[in-house]
Enquirer: 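Can you keep this structure in mind? I'll have questions shortly.
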Amino acid sequence: MGRLKERFQAFVNNRWLVFVAAMWIQSCAGVGYIFGSISPVIKISLNYNQRQLSKLGVAKDLGDSVGFLAGSLSDRLPLWGALLVGAFQNLIGYGWVWLIVTGRAPVLPLWAMCILIFVGNNGETYFNTAALVSCVQNFPKSRGPVVGILKGFAGLSGAILTQIYTMINFPDQASLIFMIAVGPAMVVIALMFIIRPVGGHRQVRPSDGLSFTFIYSVCLLLAAYLMGVMLLEDLVSVSHTLVTIFTVILFFLLVTPIIVPIALSCSEEPKDPAEEVLLPKSEQQEAGKPEQSDQEHEVIFSEVEDEKPVEVDLLPASERQKRIAQLQAELFQAAAKGAVRVKRKRGPHRGEDFTLMQALIKADFWLIFFSLLLGSGSGLTVIDNLGQMSQSLGYDNTHIFVSMISIWNFLGRVGGGYFSEIIVRDHAYPRPVSMAVAQLVMAVGHVFFAMGWPGAMYVGTLLIGLGYGAHWAIVPAAASELFGLKKFGALYNFLTLANPAGSLVFSGVIASSIYDHEAEKQAHQHHIQLQMSGLLFSGLYGQDEVLKCEGSVCFFLTSMIMSGFCVIAAVLSMILVYRTKTVYANLYGKSRT
């Protein structure tokens with residue numbers, strides 16, 4: 001009996017259980033991805049025009065990205081408290097919208113509806129923050145894979161929720177609003193006490209590599225399965241029985257990762273002490289403050305960072321470590337003898353814990369922000385305009401490209417985390433170099449969209465989806481490495497503001513203006529042709545006719561501008577790489593020796 005109790009306690013406190021529970025929460029956290037599915041019923045029920053509906057879309061985007069409160073509460077409340085707040089917001093926001101759409105509550109003005117959509121969608125910022133904060137702290141040596149997998153599941157949540165809705169076969173579309181109001185809240189409340197830091201750096205096992213390989217295999221299988229199911233349901237009439245079978249298999253794939261914590265709890269393996277190297281003293285000693293000698297050592301190290309010759313950074317990694325250690329020892333001895341006076345640092349250095357205000361005055365933080373703004377902002381512009389882009393190139397079925405880019409987005413997040421982790425762990429090289437590669441891949445994808453070659457939509461969707469998704473695996477991991485884990489929630493939620501900011505400028509101003517300009521030119525030319533042929537009569541060409549652009553010219557200039565922005569973003573990322581080589585050498589170089 002005592003043995004069984006120990007096994008159960010080991011299972012409950014296993015960091016892999018926290019990771020799997022976070023994956024399940026993320027699987028229903030991306031309700032914003034299916035706004036396009038609920039917007040038609042809102043438009044019809046409330047008699048909105050397209051402009052009014054677009055304002056609800058803006059409120060949705062803001063709710064998805066404005067996570068200041070979520071970041072702040074995650075620092076002050078236990079993570080289950082932050083998750084409970086998010087579940088409450090999700091339930092109240094979308095629940096009230098459902099009551100209004102179904103006539104169970106009085107219709108509110110547009111500004112109030114925008115607030116409800118904002119509140120409902122803002123709940124997912126709490127889910128994202130709690131999942132990332134807990135898992136990054138539990139897996140400090142595997143931040144890239146962990147962040148990539150979690151963000152990938154958030155990207156797939158729209159497809160997962162849609163499949164569940166299809167299986168339940170509700171009588172009307174308004175029921176989908178009810179499902180996204182109640183479903184995520186129920187899942188989060190059921191799992192919220194599992195999501196917490198459990199001292200994961202003390203749970204390292206030699207089998208962790210095999211565990212990640214299994215999780216990656218499940219992710220790839222899940223992505224391939226969803227791709228096949230979505231294409232089949234789009235192209236062929238599928239019976240409800242078959243849809244039910246598809247959904248049951250989907251649930252089985254989602255539950256499969258629980259095998260990892262169960263297996264680890266039933267086996268006993270030696271722990272690997274190497275994980276301790278990657279955590280600052282303040283995180284290794286959770287119950288108390290570092291000793292005085294540790295504090296002095298930290299000050300000495302910071303002094304070396306300030307005073308070391310520039311040529312030290314140009315040395316090979318092994319030689320650089322030796323020179324820095326030598327300088328540190330010499331400075332420590334001189335300070336002990338009173339020969340020099342070590343100045344106290346005014347603030348944290350790269351790799352230490354920053355508050356948001358401290359990070360905001362650092363050039364590295366703004367390099368990440370603007371690189372993310374240019375890179376992910378250009379990708380979101382494609383996602384927002386994918387329907388019009390495919391229509392302008394002559395494709396009738398735009399849903400295929402929307403489904404495809406969601407899958408590539410997922411694989412980009414998973415793959416971005418995996419490959420960036422290889423770069424930092426095997427080579428001790430700065431993680432942002434992988435972001436530069438992703439941005440150059442996106443630049444090529446934008447060129448394909450601009451040229452409009454045969455099959456360009458498929459290639460462009462692939463490249464943009466992979467590159468855009470990779471950003472959301474790389475940026476959170478890099479931010480935690482450069483600015484610490486203590487205030488990670490606030491730092492991460494500030495960086496996410498780059499996404500809607502980029503989309504607002506690129507999609508709301510640049511892409512829409514150029515598209516409307518080209519559409520007006522084509523309409524004017526068509527008008528002149530009809531006049532010349534004598535076929536235009538009074539009233540046949542109305543002022544209210546919807547402008548429509550055809551051909552690659554519609555998004556040629558926009559895509560080339562986006563490609564240029566991605567190149568600039570890659571340059572900013574490489575500047576960040578140059579500035580942070582020493583940090584990554586100190587953080588990961590020690591674990592390789």
Enquirer: Centroid-to-centroid, F488 to F483, below 6.0 Å?
Expert: no
Enquirer: For the pair W472 and Y468, name the ring-plane relationship: parallel under 30°, tilted 30 to 60°, perpendicular over 60°.
Expert: perpendicular
Enquirer: Just so I know, are the side chains of F19 and S134 near enough to count as touching, which here means a heavy-atom distance under 4.5 Å?
Expert: no
Enquirer: For residues Q439 and S371, is any side-chain donor paired with an opposing acceptor at under 3.5 Å?
Expert: yes
Enquirer: State, yes or no, whether a side-chain contact exists between L56 and L110 at a heavy-atom distance under 4.5 Å.
Expert: yes
Enquirer: Donor-acceptor pair, S563 side chain versus S559 backbone, under 3.5 Å?
Expert: no
Enquirer: For C554, which residues count as a disulfide bond (SG atoms under 2.5 Å apart) partner, sequence neighbours excluded?
Expert: C549
Enquirer: State which residues pass side chain to side chain contact (heavy atoms under 4.5 Å, CB included) with F193; sequence neighbours excluded, sorted by chain then number.
Expert: W80
Enquirer: Residues in side-chain hydrogen bond (donor to acceptor under 3.5 Å, both in side chains) with S420, at least two apart?
Expert: R431
Enquirer: Mind jotting down which residue pairs meet the salt bridge (Lys or Arg N to Asp or Glu O under 4.0 Å) criterion with at least one end in residues 489-503? Sequence neighbours excluded, please.
Expert: none
Enquirer: Mind checking side chain to side chain contact (heavy atoms under 4.5 Å, CB included) for I258 and listing every partner two or more places apart, or none if nothing turns up?
Expert: F11, L17, V20, W24, V255, P261, I262
Enquirer: Roughly how far, to the nearest 0.5 Å, is OG1 of T355 from CG of L491?
Expert: 8.0 Å
Enquirer: Within this structure, what is the CG-CG distance for the pair L156 and L254, rounded to the nearest 0.5 Å?
Expert: 9.0 Å
Enquirer: Would you give the length of the straight line joining atom OG1 of T129 to atom CG of L132, rounded to the nearest 0.5 angstrom?
Expert: 7.0 Å
Enquirer: Does any non-hydrogen side-chain atom of I464 lie less than 4.5 Å from one of W408?
Expert: no
Enquirer: Between L150 and I25, is there a side-chain heavy-atom distance shorter than 4.5 Å?
Expert: no
Enquirer: Can you tell me how far CG of L373 sits from CH2 of W366, rounded to the nearest 0.5 angstrom?
Expert: 10.0 Å
Enquirer: Any sub-3.5 Å donor-acceptor pair from N138's side-chain atoms to R15's backbone N or O?
Expert: no
Enquirer: Could you give me the CA-CA distance, side-chain angles and deciding distance for F494 and F365, then say whether ring pair (Phe, Tyr, Trp, His ring centres under 6.0 Å) is met?
Expert: CA-CA 10 Å; F494 184 90; F365 189 80; 5.7 Å; yes
Enquirer: Holding to side-chain hydrogen bond (donor to acceptor under 3.5 Å, both in side chains), I want the full list of residues that pass it with D64, two or more places apart in sequence or in another chain.
Expert: none
Enquirer: If the condition is ring pair (Phe, Tyr, Trp, His ring centres under 6.0 Å), which residues does Y418 pass it with, not counting sequence neighbours?
Expert: Y216
Enquirer: Do the side chain of R76 and the main chain of S72 share a donor and acceptor less than 3.5 angstrom apart?
Expert: yes
Enquirer: Quick one: CG on N128 to OG1 on T496, what's the gap to the nearest 0.5 Å?
Expert: 8.5 Å
Enquirer: Stepwise, does the side-chain hydrogen bond (donor to acceptor under 3.5 Å, both in side chains) test hold for T125 with N493?
Expert: CA-CA 8 Å; T125 63; N493 280 292; 5.1 Å; no
Enquirer: Under 3.5 Å, is there a donor-acceptor pair between the side chain of H240 and the main chain of M167?
Expert: yes
Enquirer: What side-chain donor-acceptor pairs closer than 3.5 Å can you find for residues 81-92, not counting sequence neighbours?
Expert:
from	atom 1	to	atom 2	distance (Å)
Q89	OE1	Y126	OH	3.2
Q89	NE2	V119	O	3.1
Q89	NE2	N122	OD1	3.2
N90	ND2	I180	O	3.0
N90	ND2	A181	O	3.0

Enquirer: Hey, what do you get for OG (S480) to CG (D353), rounding to the nearest 0.5 Å?
Expert: 10.5 Å
Enquirer: If the condition is ring pair (Phe, Tyr, Trp, His ring centres under 6.0 Å), which residues does W96 pass it with, not counting sequence neighbours?
Expert: none
Enquirer: Indicate yes or no: at least one non-hydrogen side-chain atom of L176 is less than 4.5 angstrom from one of V41.
Expert: no
Enquirer: May I ask you to decide if A470's main-chain N or O and R413's side chain share a donor-acceptor pair within less than 3.5 Å?
Expert: no
Enquirer: Classify the ring geometry between F212 and F139 as parallel (under 30°), tilted (30 to 60°) or perpendicular (over 60°).
Expert: perpendicular
Enquirer: According to side-chain hydrogen bond (donor to acceptor under 3.5 Å, both in side chains), who are the partners of S513, at least two apart in sequence or on a separate chain?
Expert: none
Enquirer: Whether the Q26 and S157 side chains hold a donor-acceptor pair (N or O, under 3.5 Å, no angle test) is what I'd like checked.
Expert: no
Enquirer: If the plane angle is over 60° it's perpendicular, under 30° parallel, otherwise tilted; pick one for F246 and Y225.
Expert: perpendicular
Enquirer: V187: which residues meet the side chain to side chain contact (heavy atoms under 4.5 Å, CB included) condition with it, sequence neighbours left out?
Expert: C28, L191
Enquirer: Who passes side-chain hydrogen bond (donor to acceptor under 3.5 Å, both in side chains) against E124, sequence neighbours left out?
Expert: none
